[in-house]
> 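Supplied in structure tokens, the structure appears directly below.
One-based numbering along the sequence shown. We use all heavy atoms of the structure for the numbers below, so side chains are in, but hydrogens, waters and symmetry mates are not. Computed from a predicted model, the values in this text were never measured in an experiment.
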Amino acid sequence: MKIAFTTLACPDWSFAKILDEAERLGYQGVEIRGVNNEMRADLIPEFSEGGADATKALFKAKGLEIAGFGSSVKFHDEAGYADALVEGRLAVDVCVRMGIQGLRVFGDSVAGGDSAAARASILERVCGGLRELCAYARGKGVDILLEVHGDFNKIENIGPIIEGAKSCPEFGILWDIGNSDTSYGDGWRDFYAVIKPLVRHVHVKDHIRAGGAGAYCLPGQGDIPIADIVATLVGDGYDGWYSFEWEKKWHPELAPPETVLPGYIEYMKKLLG
């Protein structure tokens with residue numbers, strides 16, 4: 001049982017409080033998606049060469065792991081491609097320094113891919129970025145995890161990416177069950193069948209389905225069949241993280257972490273036994 005939450009849930013907490021609360025509530029890990037409003041791995045002081053040892057010691061003292069790092073790297077955009085690779089490589093370096101196994105990146109969008117040729121070009125660019133970043137991470141103990149997000153929560157887009165990058169042992173999928181629910185709902189098993197061999201990290205969330213755009217709610221209170229999804233993952237041998245992504249940083253109106261983080265871990269403990 002590996003239960004974590006992302007720091008999107010608590011954007012106003014200090015780094016020390018994040019770890020204190022994770023320990024107090026019984027979490028096994030914390031997934032880093034920004035610290036003190038800094039989103040880039042290489043600019044977070046706690047992960048710098050000067051701060052890394054103290055940070056790792058603090059995690060160890062709390063009995064916690066760093067469940068992953070969520071970067072903002074996106075490979076779909078031609079104009080930003082080179083910068084994305086630079087940021088990605090710097091993030092890999094930080095992951096090596098901190099002993100973080102999973103680095104999240106995006107494909108994100110196929111906007112502008114109106115023709116078959118244009119769409120193929122975007123997909124190949126995303127594949128190329130993944131292959132290059134995987135090559136940079138090779139032998140360093142860091143997995144490059146493409147999040148199911150944006151236009152890449154659809155079979156017709158994620159399928160070619162998997163075919164193009166699956167030869168890289170570092171490549172994996174971060175399955176955000178909320179994102180894929182907006183495309184497949186109760187038909188999630190069709191999508192899961194495509195990504196199943198490569199799922200290495202899971203984001204758990206819930207929402208009320210409404211015209212394709214869900215309203216966030218606490219896990220177990222919405223329409224996403226979380227219990228069925230978790231049971232399927234367990235039955236298929238998945239032993240990675242179930243990380244709670246409560247996006248309060250992007251949606252300040254959401255309930256505070258003091259309310260939702262205790263409820264999530266209790267809910268997941270019941271599901272996972």
Side-chain angles (χ1 to χ4, degrees), residues 2 4 29 31-33 40-42 47 65-110 113 119-177 179-180 191-203 233 236-243:
K2 298 177 70 175
E31 181 180 344
I32 306 299
R33 178 63 171 129
R40 282 187 57 134
D42 55 306
F47 294 165
E65 297 179 49
I66 305 178
F69 188 88
S71 79
S72 301
V73 171
K74 301 178 179 70
F75 287 124
H76 69 277
D77 178 49
E78 184 175 11
Y81 182 83
D83 288 341
L85 273 178
V86 170
E87 182 178 347
R89 290 177 181 130
L90 289 170
V92 168
D93 293 342
V94 170
C95 288
V96 172
R97 182 184 304 140
M98 300 304 301
I100 301 172
Q101 184 174 357
L103 173 64
R104 188 278 306 276
V105 299
F106 295 117
D108 204 38
S109 174
V110 294
R119 179 173 168 275
S121 177
I122 293 170
L123 295 179
E124 179 51 39
R125 184 158 51 248
V126 172
C127 281
L130 290 168
R131 288 191 296 261
E132 286 202 48
L133 199 55
C134 283
Y136 184 78
R138 192 149 298 149
K140 298 176 181 177
V142 179
D143 292 336
I144 306 302
L145 306 180
L146 178 70
E147 180 172 338
V148 171
H149 181 276
D151 291 331
F152 289 82
N153 62 6
K154 297 178 181 178
I155 292 171
E156 60 266 32
N157 293 328
I158 200 72
I161 299 302
I162 289 173
E163 285 301 311
K166 68 181 182 181
S167 61
C168 300
E170 302 79 14
F171 174 64
I173 294 292
L174 189 160
W175 184 19
D176 185 304
I177 66 172
N179 289 344
S180 62
F191 182 78
Y192 173 64
V194 175
I195 65 171
K196 173 182 170 180
L198 288 164
V199 174
R200 298 186 188 177
H201 192 97
V202 175
H203 278 172
L233 285 164
D236 288 338
Y238 174 75
D239 60 358
W241 291 100
Y242 295 91
S243 187

> Between atom CD1 of I122 and atom CG of D108, what is the distance when rounded to the nearest 0.5 Å?
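Rounded to the nearest 0.5 Å, the CD1-CG separation comes to 11.0 Å.
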> Looking at E87, I want to see if its CD is surrounded by more than 12 non-hydrogen atoms of other residues, nucleotides or ligands under 6.0 Å.
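Counting neighbours around CD of E87, more than 12 heavy atoms of other residues, nucleotides or ligands fall under 6.0 Å, so yes.
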> Is the side chain of Y238 donor-acceptor paired with the backbone N or O of V202 at a distance under 3.5 Å, no angle test?
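Yes: the side chain of Y238 pairs with the backbone of V202.
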> Could you pull out the closest heavy-atom pair between F171 and I162, with the gap in Å?
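It is CE2-CA, 4.2 Å.
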> OG of S180 to CD1 of I155: how many Å apart, nearest 0.5 Å?
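Spacing of OG (S180) from CD1 (I155) equals 10.0 Å.
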> Would you please name every residue forming a ring-ring contact (aromatic ring centres under 6.0 Å, His included) with F152, sequence neighbours left out?
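F152 satisfies ring-ring contact (aromatic ring centres under 6.0 Å, His included) with no other residue.
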> Could you list the residues that satisfy ring-ring contact (aromatic ring centres under 6.0 Å, His included) with H76, not counting sequence neighbours?
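Partners of H76 by the ring-ring contact (aromatic ring centres under 6.0 Å, His included) criterion come out as none, since no residue qualifies.
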> Just to verify, what does S109 make a side chain to side chain donor-acceptor pair (under 3.5 Å) with, not counting sequence neighbours?
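S109 satisfies side chain to side chain donor-acceptor pair (under 3.5 Å) with no residue once adjacent residues are dropped.
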> Should D176 and N153 count as side-chain neighbours, where that means a heavy-atom distance under 4.5 Å?
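No - every pair of side-chain heavy atoms lies 4.5 Å or more apart.
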> So V142 and I100, do their side chains get closer than 4.5 Å, heavy atoms only?
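Side chain of I100 against side chain of V142, heavy atoms only: no contact under 4.5 Å found.
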> With side chains defined as the heavy atoms from C-beta onward, is the minimum distance between P169 and R138 less than 4.5 Å?
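Sidechains of R138 and P169: in contact.
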> Would a 4.5 Å heavy-atom cut-off, applied to side chains only, mark D42 and F47 as touching?
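SC-SC contact between D42 and F47 ruled out.
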> Applying side chain to side chain donor-acceptor pair (under 3.5 Å), can you list everything that pairs with R200, at least two apart in sequence or on another chain?
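For R200 the side chain to side chain donor-acceptor pair (under 3.5 Å) partners, ignoring immediate neighbours, are D143.
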> For a side chain to side chain contact (heavy atoms under 4.5 Å, CB included) check, start with the C-alpha distance between L146 and I158, then their side-chain angles and the critical distance, and finish with the verdict.
CA-CA 9 Å; L146 178 70; I158 200 72; 3.6 Å; yes
> Can you tell me how far apart NE2 (H201) and CD (Q101) are? Round to the nearest 0.5 Å.
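Separation between the atoms: 10.5 Å.
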> Please tell me if the side chains of D93 and Y136 come closer than 4.5 Å, counting only heavy atoms from C-beta onward.
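Of all side-chain heavy-atom pairs linking Y136 with D93, at least one is under 4.5 Å.
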> Rounded to the nearest 0.5 Å, how far does CZ of R131 lie from CD1 of I161?
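These two atoms lie 8.5 Å from each other.
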> Are side-chain heavy atoms of L233 and Y192 found at a separation under 4.5 Å?
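Yes, at least one pair of side-chain atoms sits under 4.5 Å.
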> Kindly indicate whether the side chain of F69, heavy atoms from C-beta on, has any atom under 4.5 Å from the side chain of M98.
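No. Closest side-chain heavy atoms not under 4.5 Å.
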> Using the salt bridge (Lys or Arg N to Asp or Glu O under 4.0 Å) rule, collect all pairs that involve residues 145-154, keeping only residues at least two apart or in two chains.
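Residue pairs with at least one partner in residues 145-154: R104-E147.
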> Output the distance between atom NE2 (H149) and atom NE2 (H203), rounded to the nearest 0.5 Å.
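Output value for this atom pair is 10.5 Å.
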> Mark yes when over 12 heavy atoms from residues, nucleotides or ligands other than E78 sit less than 6.0 Å from its CD; otherwise mark no.
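Open: at most 12 neighbouring heavy atoms sit under 6.0 Å from CD of E78.
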> Sequence neighbours left out, what passes side chain to side chain donor-acceptor pair (under 3.5 Å) with E132? Give chain and number order.
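Listed in chain order: Y81, R89.
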